[in-house]
Amino acid sequence: MNDTNSHAIDMPAFVDHSHLTVIDLPMLSAFYQKVMGLSVMDTSASGETLGVAGRPLLTLTTGSNAARAPRNAPGLFHTAFLVPNRRELGRWLAHSAHNNVPLTGASDHLVSEAIYLDDPEGNGIEIYRDRDRAEWTYVADGTVKMATHRLDLQALYDEAPKDGWTGQENGTVIGHIHLQVSDIPEANAFFHDVLGLDIMTSYPGASFFAT
C-alpha cells in the first residue's frame with residue numbers, strides 16, 4: 001500500500017470527475033477557466049464539460065430549477081483538484097494572489113498541502129498536492145496519520161515561479177470529493193459495507209475513505 005509511485009487515479013477506484021448544477025452557467029464557466037485553469041472540452045444546450053490536457057474533470061449544467069443548497073445541507077462540501085506537485089500548487093497560489101482571488105483557508109494535513117476557496121455560487125473547492133507516499137506515516141491498523149496544521153502560504157508563494165500561469169498542468173485530476181453528511185456512522189456503514197471502501201483515518205465528526 002505504501003507505494004511511492006502511487007497516484008490517486010492509480011487506485012482501484014477513484015473519482016473521475018465532478019458534476020455541479022449551477023444557476024449562472026456563463027459566470028461559473030468563466031470562473032473555472034480563469035481562476036481554476038480548466039479548459040472547455042464540450043458544450044451542450046444545458047451545460048459544459050471542462051478539463052485539463054484532454055481529461056474531463058468538471059461538468060457544469062443548469063436548468064430552471066437550479067438553486068443554492070443551504071450551507072448545512074447534506075451533499076457536496078468541496079471538489080478537490082489535485083495538482084502534480086508543490087511547484088504547481090505554488091504557481092496557482094501566485095496566480096490567485098495576483099488576481100485577488102479570496103481564499104477560505106489553507107492547511108498542512110501531513111499527507112498533503114491544501115488551499116481552500118469557494119466558487120461564485122458557494123460551491124467549495126480544494127486545490128492541493130499530495131506528499132510522496134514514502135513520507136506518509138502509516139499506523140499498525142493500516143490507517144494513515146493526518147492532522148490539520150497551518151500551511152505557510154507566504155513560504156509557498158515565495159518558492160513559486162512567477163513566470164506567468166496559463167492554466168493547470170497535465171496530470172491535474174480530481175483527487176477526492178468531500179461530502180457533508182447528517183449521520184457519520186450511517187455514512188460509514190454505506191461507504192464501507194456497501195461500496196467497499198476502506199477507512200484511512202478518522203477525526204471526531206469525519207471519516208476519510210479510499211481504496
Side-chain angles (χ1 to χ4, degrees), residues 1-3 6-23 28 32 36 38 46-47 49-52 55-63 65-83 104-105 107-119 121-131 133 136-149 172-211:
M1 191 168 199
N2 192 357
D3 180 357
S6 291
H7 187 280
I9 62 171
D10 296 327
M11 298 298 99
F14 60 90
V15 180
D16 186 58
H17 74 280
S18 185
H19 184 164
L20 300 176
T21 299
V22 302
I23 300 169
L28 267 288
Y32 281 99
M36 297 307 301
L38 307 184
S46 61
T49 296
L50 301 96
V52 175
R55 183 183 187 90
L57 299 182
L58 178 67
T59 295
L60 304 174
T61 57
T62 191
N65 62 343
R68 289 197 187 201
R71 193 65 174 177
N72 62 348
L76 184 68
F77 187 73
H78 66 229
T79 299
F81 294 90
L82 174 62
V83 298
T104 59
S107 297
D108 182 336
H109 293 301
L110 304 183
V111 298
S112 63
E113 295 179 308
I115 301 170
Y116 300 94
L117 66 156
D118 290 337
D119 74 17
E121 291 187 2
N123 298 297
I125 297 170
E126 175 182 341
I127 180 166
Y128 74 110
R129 70 101 180 180
D130 269 341
R131 285 191 168 90
R133 292 184 186 223
W136 294 11
T137 300
Y138 289 87
V139 295
D141 62 1
T143 59
V144 66
K145 185 177 180 181
M146 293 181 64
T148 300
H149 299 317
T172 299
V173 299
I174 302 296
H176 66 273
I177 55 172
H178 182 158
L179 301 178
Q180 185 162 271
V181 302
S182 55
D183 188 310
I184 289 286
E186 185 178 26
N188 284 351
F190 175 80
F191 286 101
H192 182 266
D193 300 338
V194 178
L195 293 189
L197 302 180
D198 300 320
I199 291 184
M200 296 307 298
T201 195
S202 295
Y203 288 170
S207 298
F208 296 76
F209 287 89
T211 53

| field | Donor-acceptor contact below 3.5 Å, side chain Trp136 vs main chain Val144 | value | no

| Where the side chain of Asp198 meets the backbone of Met200, is there a donor-acceptor pair that is under 3.5 Å apart? | no

| request: Please assess Asp118 against Thr104 for the test side chain to side chain contact (heavy atoms under 4.5 Å, CB included), listing each intermediate value before the final yes or no. | output: CA-CA 7 Å; Asp118 290 337; Thr104 59; 4.0 Å; yes

| Heavy-atom pair with the smallest gap, counting every atom of Gly205 and Ile184 | O-CD1, 3.6 Å

| Reference residue His176; test ring pair (Phe, Tyr, Trp, His ring centres under 6.0 Å); the match among Phe77, Phe209, Tyr128, Phe81 | Tyr128

| note | To the nearest 0.5 Å, atom CG of Leu57 lies from atom CG of Leu38 at 6.0 Å

| query | Between CD of Glu113 and CZ of Arg129, what distance do you get to the nearest 0.5 Å? | reply | 4.0 Å

| request: Evaluate the criterion side chain to side chain contact (heavy atoms under 4.5 Å, CB included) for residue pair Leu76 and Asn123; output intermediate values, then yes/no. | output: CA-CA 8 Å; Leu76 184 68; Asn123 298 297; 5.6 Å; no

| Nearest heavy-atom pair of Arg71 and Gly122: which atoms, and what distance? | NH1-O, 2.6 Å

| task | Tell me yes or no: between the side chains of Ser46 and Thr61, is some donor less than 3.5 Å from an acceptor? | result | no

| note | Test side-chain contact (heavy atoms from CB on, under 4.5 Å), reference Thr172, set Val83, Leu82, Ile127, output is Val83

| What's the verdict on side chain to side chain contact (heavy atoms under 4.5 Å, CB included) for Tyr32 and Leu58, showing C-alpha distance, side-chain angles and the deciding distance? | CA-CA 9 Å; Tyr32 281 99; Leu58 178 67; 3.5 Å; yes

| query | Rounded to the nearest 0.5 Å, what separation is found between the OG1 atom of Thr79 and the NE2 atom of His17? | reply | 10.5 Å

| query | Does some side-chain heavy atom of Glu126 sit less than 4.5 Å from a side-chain heavy atom of His178? | reply | no

| query | Roughly how far, to the nearest 0.5 Å, is the CD1 atom of Ile23 from the CG atom of Leu20? | reply | 12.0 Å

| query | When rounded to the nearest 0.5 angstrom, what distance separates CE in Met36 from CG in Leu28? | reply | 12.5 Å

| query | For Val173, does its backbone N or O pair with a side-chain atom of Arg55 as donor and acceptor, under 3.5 Å? | reply | no

| query | Would you call the rings of Tyr116 and His78 parallel, tilted or perpendicular if under 30° counts as parallel and over 60° as perpendicular? | reply | tilted

| field | Derivation and outcome, side chain to side chain contact (heavy atoms under 4.5 Å, CB included), residues Thr148 and His109 | value | CA-CA 5 Å; Thr148 300; His109 293 301; 3.5 Å; yes

| query | Which distance, rounded to the nearest 0.5 Å, do you find between the CG of Asp141 and the CD1 of Ile199? | reply | 10.0 Å

| said: Testing the basics here: between Thr62 and Val22, what is the closest heavy-atom pair and its distance to 0.1 Å? | reply: OG1-O, 2.7 Å

| Cut-off 3.5 Å, side chains only: do Asn188 and Ser207 have a donor facing an acceptor? | yes

| message | Within the 4.5 Å heavy-atom criterion, are Leu60 and Leu50 side-chain neighbours or not? | response | yes

| message | Testing the 3.5 Å rule here: is there a donor-acceptor pair between the side chains of His149 and Ser107? | response | no

| query | Do Pro56 and Thr49 come close enough that some side-chain heavy atom pair is under 4.5 Å? | reply | yes

| With side chains defined as the heavy atoms from C-beta onward, is the minimum distance between Thr137 and Leu110 less than 4.5 Å? | no

| Does any non-hydrogen side-chain atom of Leu195 lie less than 4.5 Å from one of Phe190? | yes

